[in-house]
Amino acid sequence: MLTQLIWLTGGVVLTAMVVAYRSSRDPLHPLMFLGPILIYIYCLQPALLHQGDQLSPFFPDRSVLVYVHIVNLLGVALFCAGCLRIRVRFRDARSSPRTFTPPREMLRRLRSLAYLLGLFGVGNSLYMLSLRGGIIAAFSAPKGGGSASSGYLSESPMLTLPAIVFYLMSLHGQRVRPRNIAMILLFASPHLIYGLLGSRRGPLFLILAALLWSWYLVSSRRPSLRFILTSVALIGVMVAFVISHRRQLYLGSDFDFNPSLILQSFSSAEATPGDLYVVGSGQILNSRFHGKHLWGHRYAVTFFIRPIPKQIWPTKYEDSGMPEFARGNPNCFDNRQWMQSLHWTPDRGSAVGFVADMYLEFGWGFAALSYVLGSLFNLLWQRAVTRKGLWTVLYIEASILSLYLPAQSVGAWLYRFLLLAIPSVFVWKVLVEPILRQSGRPLHPRFASYQILPNA
């Protein structure tokens with residue numbers, strides 16, 4: 001039964017991808033890039049680990065994993081159902097006429113916003129590297145990087161992502177010239193450097209997704225489905241490359257490219273107590289064994305307490321009843337509890353995926369939240385293709401951060417999304433919408449190239 005549940009989960013996602021594309025004809029529907037990631041994390045990786053008999057040290061009784069995969073199947077299926085809740089048909093998947101021409105002053109302000117956010121993010125990245133002695137000193141050892149005195153400073157380079165989007169939007173109706181490409185690469189440089197020299201999979205995925213997909217989302221053209229699936233595969237290979245060669249990716253190393261290491265990273269040849277599947281399964285079973293659910297407490301601390309600078313409130317986690325956050329343990333189980341239930345402990349900082357994360361938080365209530373998350377992605381996509389403008393920015397931000405959802409947790413994705421979305425909404429409302437009002441243009445113009453279909 002366990003094997004059937006694993007493959008059924010992959011089949012559900014694949015079916016949802018087919019339905020999404022057949023109903024929308026949009027290669028940039030959220031399931032077109034999230035679907036392959038979900039299949040790998042919740043189907044292929046578990047299947048390979050089970051086939052290789054790598055899980056006996058962690059789960060001697062395989063029958064307990066049936067419960068885990070019932071939870072995984074339900075969470076993934078409801079997430080996909082949410083993504084399919086509202087359907088928008090894209091009449092011409094390659095190109096379609098525009099019905100809205102933005103005022104020239106709006107394009108100028110978008111360019112100014114891009115410079116403001118982009119140069120601020122790049123400048124802060126250089127400042128953090130200077131605290132470590134410069135680029136050479138910072139990346140002269142594996143997993144190198146800069147130093148930051150606060151979380152806001154360390155996350156500020158992410159502002160270059162909306163900067164890229166604003167800059168591309170400002171090129172409306174213009175030919176892309178070499179200087180435009182150079183500016184985009186400048187904005188992308190912090191993530192490319194950290195991804196390739198610091199072997200960080202998160203920044204590398206973010207910037208590659210932004211560079212490959214943003215242009216199509218802000219324009220009236222759409223790529224082919226083959227392009228999207230190929231780009232997802234290439235991004236996956238690049239992420240696997242930096243993970244598998246992590247010990248060699250630094251300045252001055254004797255780099256030796258080994259393709260077999262990439263294949264091993266995909267095939268999960270050996271399970272460890274830091275693997276996403278192992279720790280995610282363990283968290284579901286651990287939560288069930290102890291009957292422990294947090295009922296929104298951890299999420300409240302993540303979204304309302306965590307943003308308060310520690311310089312203002314040094315004991316914020318202790319005072320809010322989550323001292324585990326201060327010890328770098330956001331999953332809120334100590335080693336003693338892991339040993340009681342499973343007789344092993346996970347590596348520090350291990351990720352669990354969004355299903356196990358929500359199960360710990362709300363128990364079986366995670367199912368409803370899975371549907372809500374899928375519906376949120378669908379809503380952002382629907383508004384992006386029918387209204388564009390600010391909705392396009394928000395959808396791109398949600399999309400390029402989407403790896404954090406299945407590969408880490410809901411908090412890791414949503415916290416970063418809000419960190420980008422809130423300033424994006426603010427600057428758009430203050431600097432862009434007044435221009436549209438003055439020009440008499442609609443704030444949310446609908447595009448004739450899209451047709452809203454009734455709910456299924």
Side-chain angles (χ1 to χ4, degrees), residues 1-18 31 34-81 236 263-293 331 333 337-347 350-371 374 405-409:
M1 183 178 181
L2 181 59
T3 302
Q4 287 84 348
L5 284 171
I6 292 173
W7 290 111
L8 179 59
T9 303
V12 166
V13 180
L14 185 60
T15 302
M17 291 176 63
V18 173
L31 281 177
L34 272 170
I37 300 174
L38 292 173
I39 290 175
Y40 175 73
I41 290 178
Y42 289 102
C43 177
L44 293 182
Q45 189 179 42
L48 290 170
L49 288 172
H50 282 284
Q51 183 179 4
D53 194 25
Q54 294 294 315
L55 298 173
S56 298
F58 304 99
F59 309 104
D61 181 6
R62 295 287 187 90
S63 63
V64 299
L65 292 175
V66 172
Y67 183 86
V68 170
H69 282 284
I70 291 174
V71 172
N72 287 343
L73 174 60
L74 184 60
V76 169
L78 286 173
F79 177 83
C80 292
L263 295 176
Q264 290 177 13
S265 68
F266 278 116
S267 62
S268 302
E270 182 179 353
T272 70
D275 285 349
L276 177 65
Y277 173 72
V278 172
V279 182
S281 300
Q283 175 155 297
I284 292 173
L285 296 173
N286 202 14
S287 178
R288 182 191 185 195
F289 179 87
H290 293 286
K292 179 178 180 179
H293 302 289
N331 295 328
F333 284 111
Q337 292 172 309
W338 280 90
M339 291 300 296
Q340 284 179 348
S341 60
L342 297 170
H343 309 293
W344 55 270
T345 59
D347 292 344
S350 299
V352 297
F354 78 105
V355 175
D357 181 67
M358 292 188 298
Y359 180 86
L360 169 62
E361 196 72 25
F362 297 109
W364 284 100
F366 85 95
L369 189 55
S370 296
Y371 184 79
L405 193 60
Q408 288 198 16
S409 65

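Keep in mind that this is a model prediction, so the values were computed, not measured. The basis for the numbers below is simple: all heavy atoms, side chains too, and nothing from hydrogens, waters or symmetry mates.
Every residue two or more places apart in sequence or in another chain was checked for a side chain to side chain donor-acceptor pair (under 3.5 Å) with Thr15, and none qualifies. Looking at residues two or more places apart in sequence or on another chain, you find a side chain to side chain contact (heavy atoms under 4.5 Å, CB included) between Ser350 and Val279, Pro346, Asp347. Residues meeting the ring-ring contact (aromatic ring centres under 6.0 Å, His included) test with Tyr67, sequence neighbours left out: Trp364. The side chain to side chain donor-acceptor pair (under 3.5 Å) search around Ser287 returns His293, not counting sequence neighbours. For Gln408, there are no side chain to side chain donor-acceptor pair (under 3.5 Å) partners at least two apart in sequence or on another chain. The side chain to side chain contact (heavy atoms under 4.5 Å, CB included) test applied to Gln337 returns His290, Lys292, Phe333, Asp334, not counting sequence neighbours. Under the rule for a side chain to side chain contact (heavy atoms under 4.5 Å, CB included), the partners of Ala367 that lie at least two apart in sequence or sit in another chain are Leu74, Leu78. With sequence neighbours excluded, no residue forms a ring-ring contact (aromatic ring centres under 6.0 Å, His included) with Tyr371. Here Thr3 pairs with nothing under the side chain to side chain donor-acceptor pair (under 3.5 Å) rule; sequence neighbours left out. Residues passing the side chain to side chain contact (heavy atoms under 4.5 Å, CB included) test with Thr9, sequence neighbours excluded: Tyr42, Leu73, Val76.
Residues Leu49 and Phe58 are not in side-chain contact: their nearest non-hydrogen atoms beyond the backbone lie 4.5 Å or more apart. Contact of the Cys80 side chain with the Val13 side chain is registered, since non-hydrogen atoms from C-beta on lie closer than 4.5 Å. Using a 4.5 Å heavy-atom threshold, the side chains of Leu38 and Phe354 count as touching. When side chains are defined from C-beta on, Val68 counts as touching Leu285, because their heavy atoms get closer than 4.5 Å. Within the 4.5 Å cutoff, the side chain of Leu360 has no heavy atoms near those of the Asn286 side chain. Taking 4.5 Å as the limit, some side-chain heavy atom of Met17 sits within range of a side-chain heavy atom of Ile39. A 4.5 Å side-chain heavy-atom check between Leu65 and Ser281 finds at least one atom pair inside the cut-off. Side-chain contact check for Tyr277 versus Leu55: some heavy-atom pair is nearer than 4.5 Å.
Here the CZ atom belonging to Arg288 is positioned 6.5 Å from the OH atom belonging to Tyr359, to the nearest 0.5 angstrom. With values rounded to the nearest 0.5 angstrom, Leu14 atom CG is found 11.5 Å from Trp7 atom CH2. In this structure, CG on Asp275 lies 9.0 Å from CD on Gln54, to the nearest 0.5 angstrom.
The two residues Gly280 and Ala356 make their nearest non-hydrogen contact at O-CB, 3.4 Å. Annotation for Ile6 and Cys43: closest pair CG2-O, 3.4 Å, computed over non-hydrogen atoms. Nearest heavy atoms, Leu276 versus Pro406: CD2-O, 3.7 Å.
Other residues, nucleotides and ligands contribute over 12 non-hydrogen atoms within 6.0 Å of the CD atom of Gln4.
Counting only residues at least two apart or in different chains, salt bridge (charged side-chain N to carboxylate O under 4.0 Å, His left out) contacts with residues 4-14 are absent. A salt bridge (charged side-chain N to carboxylate O under 4.0 Å, His left out) check over residues 56-81, counting only residues at least two apart or in different chains, returns the pairs Asp53-Arg62.
Classification of the Trp338-Trp344 ring pair by plane angle, with boundaries at 30° and 60°, yields tilted.
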* **Steps toward side-chain contact (heavy atoms from CB on, under 4.5 Å) verdict (Asn72, Leu5)** => CA-CA 9 Å; Asn72 287 343; Leu5 284 171; over 6 Å; no

